[in-house]
Asker: 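What follows is a single structure, and I will ask about it in a moment.
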Amino acid sequence: MPLCVVGSVALDSVETPTETRENILGGSAVYFSYAASFFTSVRLTAAVGEDWPPEHTELLESRGIDTSGLQVVEGGKTFRWRGKYKKDMNDRETLDLQLNVLADFEPVLPEEYRQCSFLFLANGSPIHQLKTLDQCECAKLVVADTMDFYIRSERERLMTLLKRIDGLVLNDGEARLLTDDENLVRAGRAIMKMGPKFVVIKKGEHGAIFFGEDETYVLPAFPTPDVVDPTGAGDSFAGGMMGYLAEAAAKKGTVPVCRDGPEGAAHKWGSFPSSLDPKTLKEALAYGTLTASFTVEGFSLDRLQEIDRNQIERRMDEYRKMLSF
Ligand code: AMP
């Protein structure tokens with residue numbers, strides 16, 4: 001079942017305590033798409049400039065990621081982000097951010113994308129996220145991510161978006177910023193009151209907390225000793241999670257088909273395909289956790305390029321053993 005994503009495609013420069021890499025492949029939609037491609041087919045919408053190396057598009061296409069929604073803006077420059085990690089690799093600082101083509105980006109989804117039942121609005125301006133949502137009237141599960149930059153600069157539009165989505169994934173600092181509450185349990189519940197039916201707060205190496213209508217639980221991160229570059233962990237988490245949900249729905253034959261015209265975004269959690277039961281959702285969060293644990297073991301997509309689904313499954317066996325007592 002295809003999964004649609006709109007977000008940033010970037011050339012990142014990343015400084016870790018031991019190594020710096022310049023202009024490497026990054027962006028929220030890139031990490032998301034690649035991670036999700038272990039589970040399902042993905043359709044990507046984003047914008048890049050003329051400086052975009054075509055081999056990056058080839059790499060994504062080699063994973064079966066549909067890039068027909070990737071606009072190459074004539075005379076434009078690709079979005080650039082520069083970040084620096086502190087010693088413990090949990091905290092990072094944005095040193096530079098050049099929106100470039102993202103400043104005037106108009107997300108236009110190719111016709112065949114508009115039937116997507118699963119939609120992820122990766123990190124990007126809430127204006128782009130809302131414009132995308134307007135084009136996906138068949139979407140049955142809409143999950144979004146956001147970050148400090150947009151919480152500070154576009155709070156009002158973000159609040160409009162939150163009322164129209166099913167799930168929100170964000171990190172602990174962003175949850176605190178959004179709610180002005182240091183306590184993450186209170187923050188998670190406060191965000192649910194803003195609209196989403198579930199919220200996942202990611203806490204880096206400390207795992208994630210899930211808040212749903214009926215339950216709240218924690219998932220530890222997979223303890224990898226080889227943290228090289230945490231960039232993209234959040235997007236890979238979301239990619240693994242949504243990819244697994246789309247795969248599970250396809251396997252059970254419960255993917256809703258948008259045949260009789262758009263149903264609008266006003267669907268209720270209760271009308272979800274039955275494959276998205278609490279157990280499947282919990283498994284999806286575990287797959288997201290494990291996919292992210294591979295991402296952080298290399299810069300950019302380096303580590304993800306070395307693995308296949310079998311390695312994710314082997315790590316899942318270890319993770320299950322770790323969690324049973
Ligand atoms: P994560 O580590 O999962 O939060 O994602 C990091 C990715 O987000 C990097 O590859 C950046 O290119 C991208 N990114 C950073 N800032 C922004 C922004 N303001 N809007 C969209 N994407 C961003």
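Note that the coordinates shown come from a computational prediction; the quantities given were computed from them, not determined experimentally. We count residues from 1, following the sequence as given. In listed order, ligands and their atoms are each counted from 1.
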Asker: Give the numbers and elements of all ligand 1 atoms closer than 4.0 Å to a heavy atom of N123.
Answerer: 21 (C), 22 (N)
Asker: Looking at G234, which atoms of ligand 1 are within less than 4.0 Å of one of its heavy atoms?
Answerer: 3 (O)
Asker: Please check whether G26 reaches ligand 1 - meaning an N/O of the residue sits under 3.5 Å from an N/O of the ligand, judged on distance alone.
Answerer: no
Asker: May I ask you to list the atoms of ligand 1 that are less than 4.0 angstrom from any heavy atom of D12?
Answerer: 9 (C), 10 (O), 11 (C), 12 (O)
Asker: Parallel, tilted or perpendicular, judged at 30° and 60°: which one describes the rings of Y217 and F210?
Answerer: parallel
Asker: Using a 4.0 Å cutoff against the non-hydrogen atoms of A10, which atoms of ligand 1 qualify?
Answerer: 12 (O)
Asker: Which protein heavy atom lies closest to atom 3 (O) of ligand 1, and at what distance to 0.1 Å?
Answerer: D235 OD2, 2.8 Å
Asker: Please identify which atoms of ligand 1 are closer than 4.0 Å to at least one heavy atom of S8.
Answerer: 13 (C), 21 (C), 22 (N), 23 (C)
Asker: Answer yes or no: is there a side-chain heavy-atom contact under 4.5 Å between V42 and V5?
Answerer: yes
Asker: Flag the pair V142 / L121 as yes when at least one side-chain heavy-atom distance between them is below 4.5 Å, and no otherwise.
Answerer: yes
Asker: Between the side chains of E318 and R314, is the shortest nitrogen-to-carboxylate-oxygen separation below 4.0 Å, so that they form an ion pair?
Answerer: no
Asker: Near G27, which atoms of ligand 1 are under 4.0 Å from a heavy atom of that residue?
Answerer: 9 (C), 10 (O), 12 (O)
Asker: Can you name the atoms of ligand 1, numbered from 1 with element, that are less than 4.0 Å from a heavy atom of A233?
Answerer: 2 (O), 3 (O)
Asker: In terms of atom number and element, which parts of ligand 1 are under 4.0 angstrom from non-hydrogen atoms of T231?
Answerer: 2 (O), 6 (C), 9 (C), 10 (O)
Asker: Could you tell me if any non-hydrogen atom of R92 lies under 4.0 Å from any atom of ligand 1?
Answerer: yes
Asker: Using side-chain heavy atoms (C-beta onward) and a distance below 4.5 Å, is F105 in contact with S125?
Answerer: no
Asker: How many angstroms lie between OH in Y34 and OG in S236, if you round to the nearest 0.5 Å?
Answerer: 11.0 Å
Asker: Any cation-pi pair here, R189 with F211, using under 6.0 Å and within 45°?
Answerer: no
Asker: Heavy atoms only: give me the nearest G188-V199 pair and the separation to one decimal.
Answerer: O-CG2, 4.1 Å
Asker: Closer than 4.0 angstrom: is that true for some heavy atom of F237 and an atom of ligand 1?
Answerer: no
Asker: What's the shortest distance from atom 14 (N) of ligand 1 to any protein heavy atom, and which residue and atom give it?
Answerer: F79 CE2, 3.9 Å
Asker: Given that the side chain starts at C-beta and the backbone is N, CA, C, O, which of these parts of L97 lies under 4.0 Å from ligand 1, counting heavy atoms, or is it both or neither?
Answerer: side chain
Asker: Which of parallel (below 30°), tilted (30 to 60°) and perpendicular (above 60°) describes F39 and Y287?
Answerer: perpendicular
Asker: Any idea which protein heavy atom is nearest atom 2 (O) of ligand 1, and the distance to it?
Answerer: G232 N, 2.7 Å
Asker: Heavy atom to atom 20 (N) of ligand 1, shortest distance: which of Y150, W81, F149 holds it?
Answerer: Y150
Asker: Check the SG atoms of C4 against those of C116: under 2.5 Å or not?
Answerer: yes
